[in-house]
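Notes follow once the structure below has been shown.
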Amino acid sequence: LVQLVESGGGSVQAGGSLRLSCVASELTYGYSMGWFRQAQGKEREGVAIITVGGTTMYKDSVKGRFTISRDNARSTLYLQMNSLKPDDTAMYYCAAGQTNRYSLSAENFGSWGQGTQVTVSS
């Protein structure tokens, strides 16, 4: 399994921005990558994915505010988060999977990072 390390979380006020990064332990050309989040007391949910070919998918509530991107040469995945809302508060996890499924389902991803906390205050 590929090892993943997230960074970039923090505390911001509503309307602010954060950029999350996830560095993989090996080249990620053959992996679909994704960002997931889990708020306290809630189930983990898919936020955004990017396939091997670069196709993206977003959770409805983050469309137009979040952008997922990848730099395969640097084995790095990014999540640019703008116009943050208190409802975006959660632990954010990076994931990788050798899958061709176009879905936000966590079951398609076998490698997970430890998470980075994002807290948005009103």
Side-chain angles (χ1 to χ4, degrees):
L1 297 177
V2 61
Q3 295 183 348
L4 305 167
V5 179
E6 304 97 335
S7 62
S11 297
V12 296
Q13 290 191 326
S17 298
L18 285 172
R19 188 194 196 202
L20 305 184
S21 299
C22 170
V23 179
S25 60
E26 61 185 73
L27 294 177
T28 55
Y29 291 98
Y31 290 89
S32 285
M33 306 288 292
W35 287 99
F36 293 76
R37 67 188 183 188
Q38 186 167 17
Q40 196 168 8
K42 296 187 178 180
E43 293 186 353
R44 187 172 298 190
E45 62 181 7
V47 175
I49 65 162
I50 183 166
T51 67
V52 170
T55 303
T56 58
M57 174 185 281
Y58 295 92
K59 176 179 172 61
D60 284 346
S61 64
V62 308
K63 287 180 181 177
R65 300 188 297 122
F66 290 10
T67 302
I68 188 171
S69 61
R70 63 193 297 169
D71 184 340
N72 288 331
R74 290 183 168 82
S75 301
T76 304
L77 178 72
Y78 302 100
L79 184 68
Q80 178 66 44
M81 305 187 295
N82 298 326
S83 302
L84 282 161
K85 304 176 181 180
D87 284 349
D88 296 317
T89 295
M91 184 71 78
Y92 282 71
Y93 298 90
C94 171
Q98 292 179 304
T99 176
N100 58 5
R101 294 182 178 178
Y102 187 59
S103 166
L104 289 171
S105 175
E107 67 182 18
N108 296 323
F109 297 85
S111 298
W112 294 83
Q114 294 299 306
T116 185
Q117 178 68 38
V118 172
T119 303
V120 184
S121 59
S122 57

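Reckoned from all heavy atoms, side chains included, excluding hydrogens, waters and symmetry mates.
- The residue from Arg37, Gln38, Glu6, Gln117 that alone fulfils the side chain to side chain donor-acceptor pair (under 3.5 Å) condition with Tyr92 is Arg37.
- Side-chain N or O atoms of Tyr102 include one that pairs as donor or acceptor with a backbone N or O of Thr56 at under 3.5 Å.
- At a threshold of 4.5 Å between side-chain heavy atoms, the hydrophobic network of Ile, Leu, Val, Met, Phe, Trp and Tyr places Tyr58 and Val52 in two separate groups.
- Salt-bridge annotation for Lys63 and Asp60: present, with a side-chain N of the basic residue lying under 4.0 Å from a carboxylate O of the acidic one.
- Ile49 and Leu79 fall into different hydrophobic clusters, where Ile, Leu, Val, Met, Phe, Trp and Tyr residues are linked whenever their side-chain heavy atoms come under 4.5 Å apart, directly or through other members.
- Judged by distance alone, with hydrogens and angles left aside, the side-chain atoms of Thr76 form a donor-acceptor pair with the main-chain N or O of Arg74 at under 3.5 Å.
- Distance check, rounded to the nearest 0.5 Å: CG of Leu4 to SG of Cys22 gives 4.5 Å.
- Aromatic pair Phe109/Tyr31: centroids not less than 6.0 angstrom apart.
- Rounding to the nearest 0.5 Å gives a distance of 11.0 Å between CG of Asn82 and CG of Asp88.
- Distance OG1/Thr67 to CE/Met81: 11.0 Å, rounded to 0.5 Å.
- In this structure, the side chain of Ser32 does not engage the main chain of Thr51 through any donor-acceptor pair within 3.5 Å.
- Expressed to the nearest 0.5 Å, how far OG of Ser75 lies from CZ of Arg70 amounts to 9.5 Å.
- For Ser21 (side chain) and Tyr78 (main-chain N/O), no donor-acceptor pair under 3.5 Å exists by modelled atom type.
- Taking CG of Asn108 as the start and OG1 of Thr99 as the end, the distance is 4.5 Å to the nearest 0.5 Å.
- Summarising the geometry, atom CG belonging to Asp87 is positioned 8.0 Å from atom OG belonging to Ser61; distances are rounded to the nearest 0.5 Å.
- If you look at Trp112 and Phe36, their ring centroids are closer than 6.0 Å.
- Around CD of Gln114, the count of heavy atoms belonging to other residues, nucleotides or ligands within 6.0 Å does not exceed 12.
- Atom CD of Glu26 is surrounded by more than 12 heavy atoms from other residues, nucleotides or ligands within 6.0 Å.
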- CA sep, side-chain torsions, deciding dist, call: Leu77, Ile68, side chain to side chain contact (heavy atoms under 4.5 Å, CB included): CA-CA 8 Å; Leu77 178 72; Ile68 188 171; 3.9 Å; yes

